[in-house]
Amino acid sequence: MRWSNLFIPTLRDAPAEAEAISHQLLVRGGFIRQLQSGHYSMLPLGWKIHKKVAAIIREEMDAIGGQEFLLPAMHPADIWQKSGRWETMGEEMFRFVDRKGADQALGMTHEEVFASLGTEITSYRHLPQIWYQIQTKFRDEPRPKSGLLRVREFAMKDSYSFDLDDEGLDASFSLHHDAYVQIFNRLGLDAFPVEASSGAMGGSASVEFMVESEAGEDDVARCSSCNYSANVERASAALALIENRSSSGEPESFPTPDVRTIAELAELGHPPEHQIKTLVYVVDGELTLILLRGDHPFLEQKFIDITGVTDLRPATGEEIRSALGASPGSLGAVGVENLPIYADLALQDRTGMATGANVDDTHYSGVDVQRDIAVNEWVDVRGILEGEPCVDCGNPITISRCIEAGHIFKLGRRYAEAMGTTVLDSEGKSQTLTMGSYGIGVERAMAAVAETHHDENGLIWPMSIAPYEVAITLLKTDHTDSVDLAEDIYKALTAAGIDVLLDDREERPGVKFADSELIGIPLRITIGPRGLENGIAEVNDRSTNQKAEISLETVVEEVTNMVNDAKNESF
RNA sequence: CGGGCUGUGGCGCAGCUUGGUUAGCGCGUCGGUCUGGGGGACCGAAGGUCGGAGGUUCAAAUCCUCUCAGCCCGACCA
C-alpha cells in the first residue's frame with residue numbers, strides 16, 4: 001500500500017489519559033482510538049495486526065483438530081439460568097430486555113451455548129471434539145484500564161473440548177497447552193504457564209499463560225531454581241522454620257491500651273510471626289473467623305477456591321462487636337465456640353502465640369493454638385511472600401507482575417450436566433461429557449506484544465504480526481529515478497508475497513523515519529539519490545537497529561529472505 | 001462502590017486564584033515560497049456551544065449548584 005492513500009493518524013504526543021506504554025504507542029501510532037471507556041475502534045493499522053494475530057491462532061487451533069464456529073453474541077437468559085450463572089455472574093454481565101419482554105444478555109463467554117450445541121453429539125464414537133470461535137465478548141468490567149489490556153468489549157478465541165472421561169479431557173487440555181505455547185511463541189510473546197485459580201469458571205484445574213510486564217494485573221510466584229510457578233491467588237510456599245515460644249498452662253491476658261495493630265503489638269515484645277491475626281468475615285451469610293499468622297496476608301481467592309463459598313465479605317464493625325464483644329484490634333478465637341473457625345496451616349502446632357482476648361484493650365499471650373482454639377478447619381489461605389522457600393525444592397520464590405495472556409480450564413461435567421450434554425458409551429449407557437474451555441483475548445495479546453516490544457522511538461512488531469513487513473522510505477518524492485526505483489522494489493516485493501508499505505508522502509525524511517519507527521515496521525528500505533548513485537539501498541532492522549547497505553541488484557531478494565527468515569524464526 | 005485527579009479546536013497545554021475587548025500558545029491540518037538522509041524555515045489561512053444543565057451578575061472559560069464523561073489507586077474481575 002502507498003502511505004499517501006492510507007489513514008494512519010500518528011500523533012506526536014500521547015493523549016493525557018494514556019498511561020500504559022502500550023496504550024500510548026497504539027494510540028500515537030494510529031492503531032486504535034477510544035470510543036468510550038473500555039471500547040476501542042480498530043483503525044486500519046490495528047485491524048491488520050488483529051487479523052494477523054487471529055490468523056496465527058486459527059492455524060494453531062486447526063492444527064490440533066479444532067473446528068471453527070461463530071456463535072451469537074446475544075443470548076437468551078434461559079441458557080444462563082440453566083447453568084446457574086444468570087445469578088452468579090452478577091453485574092459483570094450486560095443485560096437488557098427486548099421488545100417482547102424477554103431477558104437478554106451479551107455473552108461474556110460461551111460455555112452454555114457450546115454445551116447446548118454439544119447435545120447433538122450423541123455417540124462416544126464422535127469424541128473427542130474441539131470447537132472454537134473468534135468472537136466478540138462483552139463484560140461490564142468495574143474498571144476498564146490500560147488501553148487494550150482490560151476492556152469491556154473484545155475479541156476472544158474461546159475453545160471448548162468435549163470428552164467422555166478424564167483421560168480424554170487431560171489429552172484435550174494438553175493439546176491446548178501445547179497449542180498455546182506455540183501461539184504465544186509465534187506472537188513473539190515470552191509467555192509461561194502457571195497454576196491458576198479457576199475463579200467463576202469452576203472446574204478442577206486451570207493454567208494461565210503469563211507475560212511478565214509492569215502493566216499486568218496479576219502477581220505470579222516463581223521458583224528461582226525449579227519449574228514451580230503459580231498465580232499468587234493459589235501459590236503455596238514452604239514455611240521457614242520458626243521456633244515456638246513456650247506456653248504456660250493457659251493463656252494469660254494482659255492490658256494493651258491503644259494497641260490496635262499487628263505492628264503495635266509487636267512493639268510489646270510479640271513479633272508478628274508469634275501473633276495470631278483474627279479476621280471476621282461473613283461467609284455465605286454466616287459470621288466466620290479466619291485466623292492467620294500475624295505476618296501473613298489473607299488471600300480471599302484461595303479461601304473461596306478451597307471452601308467453594310460463593311459470597312465472602314468482611315464483617316462490619318457492628319456485626320463483630322455483637323458476636324465477639326470487642327472491636328477489631330482486640331479480637332481473638334480463644335474460647336470462641338459458637339462460630340466456625342478456619343485457621344491457616346501456618347498456625348498448626350504453634351505455641352506461645354499472642355492474640356486478642358475479645359475484650360477491648362486486652363490481649364492474650366502464651367496461646368497454644370491446638371489446645372486453646374477450637375479450629376473447625378485447617379486451610380491454606382495465606383498469601384505467600386517474596387523469598388519464601390519453594391514447596392517443591394526449597395529455593396527462594398520470586399514474585400513478578402504479569403499480564404494474563406491466556407487461560408485454560410478443565411471444567412469437568414458442570415456445564416454438560418446443566419445443559420444435558422450426554423452421549424451413549426460403548427455399552428449403550430448415557431454418559432455426561434466432560435468439558436474444557438480455553439481462552440485468548442486478541443486485543444490483550446496485541447497490547448501484551450506492544451507492552452514488551454518497543455523502544456524510545458515507538459513499537460517494534462515481530463515479523464509474524466507486523467501490520468506491514470517492510471516500509472520503503474522514499475526520501476525525495478520529486479526525484480524521478482528514486483520514485484521509479486521505489487516503485488519497482490515495491491512491486492517486486494509485493495509480487496514476492498511481502499506486505500509492503502511504500503512511504504510516498506511528500507514529507508521530509510525525518511518525519512518518514514520517525515513515523516515508520518513509531519508504527520514499528522520491522523524492516524525499512526531507504527531509497528534516495530545518494531544511495532542510487534552508489535547503486536545501493538539502505539536496509540534497517542527495527543529491532544536490532546542494524547543497518548546494511550545492499551546492492552540494488554539484490555535488495556529485493558535479500559529483503560524477501562530476511563522477511564521469511566524472521567517469520568520462521570519464531571516457530 | 002470508596003479515594004484522588006482531569007475535562008478549553010485532531011493532539012499536548014496556558015488562561016480560572018482576583019469575572020471585563022474578538023479565548024491564547026505549541027504540534028498537526030490547508031494554500032504558497034524556499035528546502036530536502038532524522039519530526040526544517042518563512043508567509044498566509046481554516047478550525048473552539050471553554051464537557052452539559054441551571055444559577056449569581058450589567059458581564060462567566062473564570063464564581064455557585066447539580067450532572068455527565070475520562071484517567072489513576074483500591075475493592076472487584078475468565
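Note that this is a predicted model, so its numbers are computed, not measured. Just so we're on the same page: letters track the sequence lines, and every chain starts at 1. Just so it is clear, the values below take in all heavy atoms, side chains as well, and ignore hydrogens, waters and symmetry mates.
Of the P atoms belonging to B/U6 and B/G54, the separation is 26 Å, rounded to the nearest Å. The separation of B/C16 from B/U21, taken at their P atoms, amounts to 13 Å, rounded to a whole angstrom. Between the C1' atoms of B/A59 and B/C71, the separation comes to 35 Å (whole Å). Between the C1' atoms of B/G39 and B/A14, the separation comes to 23 Å (whole Å). The C1' atoms of B/C27 and B/G47 are separated by 14 Å, rounded to the nearest whole Å. When the C1' atom is used for both B/A61 and B/G20, the distance is 13 Å, rounded to whole Å. Comparing B/C1 with B/U17, their P atoms sit 33 Å apart, to the nearest whole Å. For B/G10 and B/A46, the C1' atoms lie 13 Å apart once the distance is rounded to whole Å.
Among B/G40, B/C11, B/C77, the nucleotide with an atom closest to any side-chain atom of A/Leu11 is B/C11.
Atom CD in A/Glu517 sits roughly 16 Å away from atom P in B/G37 (whole-Å rounding). The CG-P distance, from A/Asp13 to B/G26, rounds to 14 Å in whole Å. Atom-to-atom, CD of A/Glu533 to C1' of B/G36 comes out at 14 Å; the value is rounded to the nearest Å. With rounding to whole Å, A/Arg28 atom CZ is found 15 Å from B/G39 atom P. In this structure, the CG atom of A/Leu25 is 18 Å from the P atom of B/C11, given to the nearest Å. At whole-Å resolution of the value, CZ in A/Arg12 and P in B/C13 are 15 Å apart. A/Arg313 has its CZ atom 15 Å from the P atom of B/C77, to the nearest Å. One can place CZ of A/Phe94 at 13 Å from C1' of B/C77, the figure rounded to the nearest angstrom.
Two rings, from A/Trp461 and A/Tyr468, have their centers 6.0 Å or more apart.
For the 3.5 Å distance criterion, the side chains of A/Asp178 and A/Gln182 fail to qualify, holding no donor opposite an acceptor. A/Ser400 and A/Arg222 share a side-chain donor-acceptor pair at under 3.5 Å. Under 3.5 Å, the side chains of A/Gln133 and A/Asp158 contain a donor-acceptor pair of N or O atoms. Judged by distance alone, the side chains of A/Ser327 and A/Arg321 do bring a donor and an acceptor atom under 3.5 Å apart.
Here B/A59 sits opposite no nucleotide as a Watson-Crick or G-U wobble pair (both hydrogen-bonding atom distances under 3.5 Å). If you check B/G74 for Watson-Crick or wobble pairing at under 3.5 angstrom, you find it paired to B/C1. Across all strands shown, the partner of B/G44 is B/C30, judged by Watson-Crick or G-U wobble contacts whose two distances both fall under 3.5 Å. Pairing for B/C25 is with B/G12, a Watson-Crick or G-U wobble pair whose two hydrogen-bonding atom distances lie under 3.5 Å.
One donor-acceptor pair, N or O on each side, does fall under 3.5 Å between the base of B/G37 and the side chain of A/Glu538. In terms of polar N and O atoms assigned as donor or acceptor, the side chain of A/Arg508 never comes within less than 3.5 Å of the base of B/G36 in a complementary pairing.
Residue A/Ser206 is classed as having no contact, given no heavy-atom separation below 4.0 Å to the nucleic acid. Residue A/Met156 is in base contact, counting any heavy-atom pair closer than 4.0 Å across all strands shown.
Listed by chain and residue number, A/Val280, A/Ala315, A/Leu324, A/Pro328, A/Leu331 satisfy the side-chain contact (heavy atoms from CB on, under 4.5 Å) test with A/Ile320 (two or more places apart in sequence, or in another chain).
Within residues 474-488 of chain A, the residues having any heavy atom under 4.0 Å from RNA chain B are, by residue number, A/Leu475, A/Lys476, A/Asp478.
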Evaluate the criterion side-chain contact (heavy atoms from CB on, under 4.5 Å) for residue pair A/His407 and A/Tyr438; output intermediate values, then yes/no.
-> CA-CA 6 Å; A/His407 200 162; A/Tyr438 316 88; over 6 Å; no

Would you sort out whether A/Tyr342 and A/Val283 count as a side-chain contact (heavy atoms from CB on, under 4.5 Å), showing the intermediate values?
-> CA-CA 11 Å; A/Tyr342 290 86; A/Val283 178; 5.6 Å; no

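Other residues, nucleotides and ligands place no more than 12 heavy atoms under 6.0 Å from the CG atom of A/Asp190.
Cation-pi contact between A/Arg95 and A/Trp80: absent, since separation from the ring centre below 6.0 Å together with deviation from the ring axis within 45° is not met. Relative to the six-membered ring of A/Phe173, A/Lys410 meets both conditions, a distance below 6.0 Å and an angle of at most 45° to the axis.
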Contact pattern, 5' to 3', of nucleotides 70-76 of chain B - B, S or - by protein heavy atom under 4.0 Å = SSBBBBB

